[in-house]
There are 2 protein chains.
Amino acid sequence: MAQTGTLTHAVEEYLEAIHRFASAREGPTTTGLAEHLDVTPASVTGMLKRLADLGLIAYQRYGRIRLTPAGDRLAHAIVRRHRLAERLLADVLEVPLDQVHDEACRLEHALSPDVAGRIADKLGDPELCPHGHPIDAQADDRTMSLLDAPKSRALVVVRLENESPEVVRYLADQKLLPKARLKVRAREPVGGGVVVEVDGERHTIGRELAATIRVTRPRRTSRT
Amino acid sequence: MAQTGTLTHAVEEYLEAIHRFASAREGPTTTGLAEHLDVTPASVTGMLKRLADLGLIAYQRYGRIRLTPAGDRLAHAIVRRHRLAERLLADVLEVPLDQVHDEACRLEHALSPDVAGRIADKLGDPELCPHGHPIDAQADDRTMSLLDAPKSRALVVVRLENESPEVVRYLADQKLLPKARLKVRAREPVGGGVVVEVDGERHTIGRELAATIRVTRPRRTSRT
DNA sequence: GTAGAATTTTAGGCGAGGCTAAGATTGACG
DNA sequence: CGTCAATCTTAGCCTCGCCTAAAATTCTAC
Ligand SMILES: [Mn+2]
Ligand SMILES: [Mn+2]
Ligand SMILES: [Mn+2]
Ligand SMILES: [Mn+2]
């Protein structure tokens with residue numbers, strides 16, 4: 001059983017990745033993790049064994065990958081540090097949004113619980129990271145994927161599941177960052193994209209990308 | 001020849017340590033580095049070889065350890081990130097001074113040049129770390145060790161060469177942090193300490209500790 | 001149900017960076 | 001100058017985390 005302070009960066013990175021897949025309701029797979037972490041599937045298998053030995057995941061060969069309660073607790077702590085780091089970078093240091101994720105992904109391993117707490121204090125216990133992910137409790141999720149969203153209804157972007165620099169930069173150009181208001185105008189048939197209207201303009205978002213954008217009907221309270 | 005982004009944390013940590021010894025006019029030694037880094041002398045020898053292969057230090061068995069120009073440039077960059085991190089922790093996040101060094105010692109490896117630059121911007125290009133070490137150029141050093149300081153003259157603490165939590169906490173208690181004004185009142189004979197008067201009170205500082213406190217005659221401009 | 005494709009795991013290997021124990025070198029001192 | 005303690009290096013070993021190539025398993029389609 002692993003102790004909080006004793007995890008290597010690699011172990012933390014795997015826990016974080018597994019947690020992300022699970023949160024996105026996507027079963028973590030060997031290949032998926034390999035792509036996400038930019039290592040080979042063989043390396044993932046090796047680490048999965050080690051994580052299982054540490055009691056952080058439940059797993060047997062060729063089987064499902066799931067965090068144990070202990071692994072989940074640790075993963076949450078890591079993701080929390082990541083998101084607090086993102087807020088510090090974005091709000092205090094004014095790092096451009098598309099770089100924020102990658103920078104935080106290194107910082108998260110260097111933040112002590114104490115410093116993380118001080119960041120939260122300093123920023124007034126923010127609820128969301130700059131991409132719209134909750135920093136603390138996962139709460140119940142009333143969002144839907146942009147891919148599944150109904151046509152012609154007012155919608156708000158809640159969060160971006162894909163935080164890579166290219167995606168964030170692209171969506172920033174389209175004004176599709178969290179809090180952006182939009183409507184789905186059309187859906188192109190057979191594998192085509194989603195036509196959205198945002199800020200008076202229409203763009204087409206490809207299926208794969210649309211699937212990673214979570215939206216909701218606007219909350220009455222959020223109309224500033 | 002090593003590239004900036006390609007250094008491992010361990011290599012960075014050794015460069016930093018070697019740089020610290022050199023800055024403190026103390027020749028870096030295998031044993032000294034081993035103690036500082038909390039590894040065995042044998043491990044240090046192994047790493048020294050690797051650093052020599054990388055062209056970062058000039059060194060041959062049983063010989064002097066010196067940074068090459070390339071190693072020195074990298075070491076400076078690392079130490080600069082360390083001290084900027086310290087200022088961020090101390091000034092923005094209000095981390096207690098005695099913890100600041102250790103936290104920064106992990107953060108320094110996770111800061112990109114871009115983020116380091118933004119910290120410097122945000123803080124208005126600070127000149128000193130919270131322990132009194134210069135963040136950029138080393139400039140000429142007019143300080144002396146408290147151990148060598150003349151009796152009965154007004155002195156100011158410039159910096160603490162030893163930034164460990166115990167030392168910083170102890171000196172904070174004695175009000176001997178940078179900018180503190182003091183006078184040497186006496187020197188105990190044979191290995192004894194230095195009796196200083198600070199803030200109206202007298203304390204005795206042991207030889208070893210006194211040697212790590214750098215002081216100077218007060219600059220006329222610094223009398224606020 | 002089975003062939004072929006996709007996925008996953010094993011086997012074997014490597015470099016980084018530690019360790020211990022043992023040997024080499026240096027240097028201090030009588 | 002020689003001896004002995006301190007310092008430093010070598011030798012041999014270990015774990016972590018990655019790799020490639022090959023084998024095993026599962027999934028998909030017919
Ligand atoms: Mn990460
Ligand atoms: Mn985020
Ligand atoms: Mn460090
Ligand atoms: Mn400092």
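Numbers restart at 1 for each chain; the letters A, B, ... are given by sequence-line order, proteins then strands. Being a predicted model, the structure only gives us computed values, none of them experimental.
- Remark: B:Lys49 is in phosphate contact with D:dT10, judged by side-chain N or O atoms under 4.0 Å from OP1 or OP2.
- Open room surrounds CZ on B:Arg64; 12 or fewer heavy atoms of other groups in view lie less than 6.0 Å from it.
- Under the ring pair (Phe, Tyr, Trp, His ring centres under 6.0 Å) rule, A:His82 has a single partner from A:His133, A:His131, A:His101, which is A:His101.
- Shown here is B:Glu166, whose CD atom has more than 12 heavy atoms of other residues, nucleotides or ligands within 6.0 Å.
- Residue A:Gln60 contributes atom CD, which lies 17 Å from atom C1' of C:dT10 at whole-angstrom precision.
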Donor-acceptor contacts under 3.5 Å from residues 35-43 of chain B side chains, at least two apart:
unit_1  : atom_1 : unit_2  : atom_2 : d
B:Thr40 : OG1    : B:Ser43 : N      : 3.3
B:Thr40 : OG1    : B:Ser43 : OG     : 3.0

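- In this entry the distance linking CG of B:Leu15 with C1' of C:dA16 reads 15 Å, nearest Å.
- A straight line from CD of B:Glu12 to P of C:dA16 spans 16 Å, rounded to a whole angstrom.
- Rounded to whole angstrom, the span from the CG atom of B:Leu33 across to the C1' atom of C:dG18 amounts to 16 Å.
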Open item on the list: At under 4.0 Å between heavy atoms, how does the protein contact nucleotides 14-23 of chain D? Give one character per nucleotide, 5' to 3', with B, S or -.
Closed with: --SBSBBB--
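- Between A:Glu103 and B:Arg118 there is no salt bridge, since no side-chain nitrogen of the basic residue lies less than 4.0 Å from a carboxylate oxygen of the acidic one.
- Close to D:dT26, at under 4.0 Å from its OP1 or OP2, lies no side-chain N or O of A:Arg61.
- Note: CZ (A:Arg64) to P (C:dT9) measures 13 Å, nearest angstrom.
- Ring geometry, A:His9 versus A:His109: the interplanar angle falls under 30°, so the pair is classed parallel (tilted spans 30 to 60°).
- Dashed line: the shortest gap from a side-chain N or O of B:Thr45 to OP1 or OP2 of D:dT10 is not under 4.0 Å.
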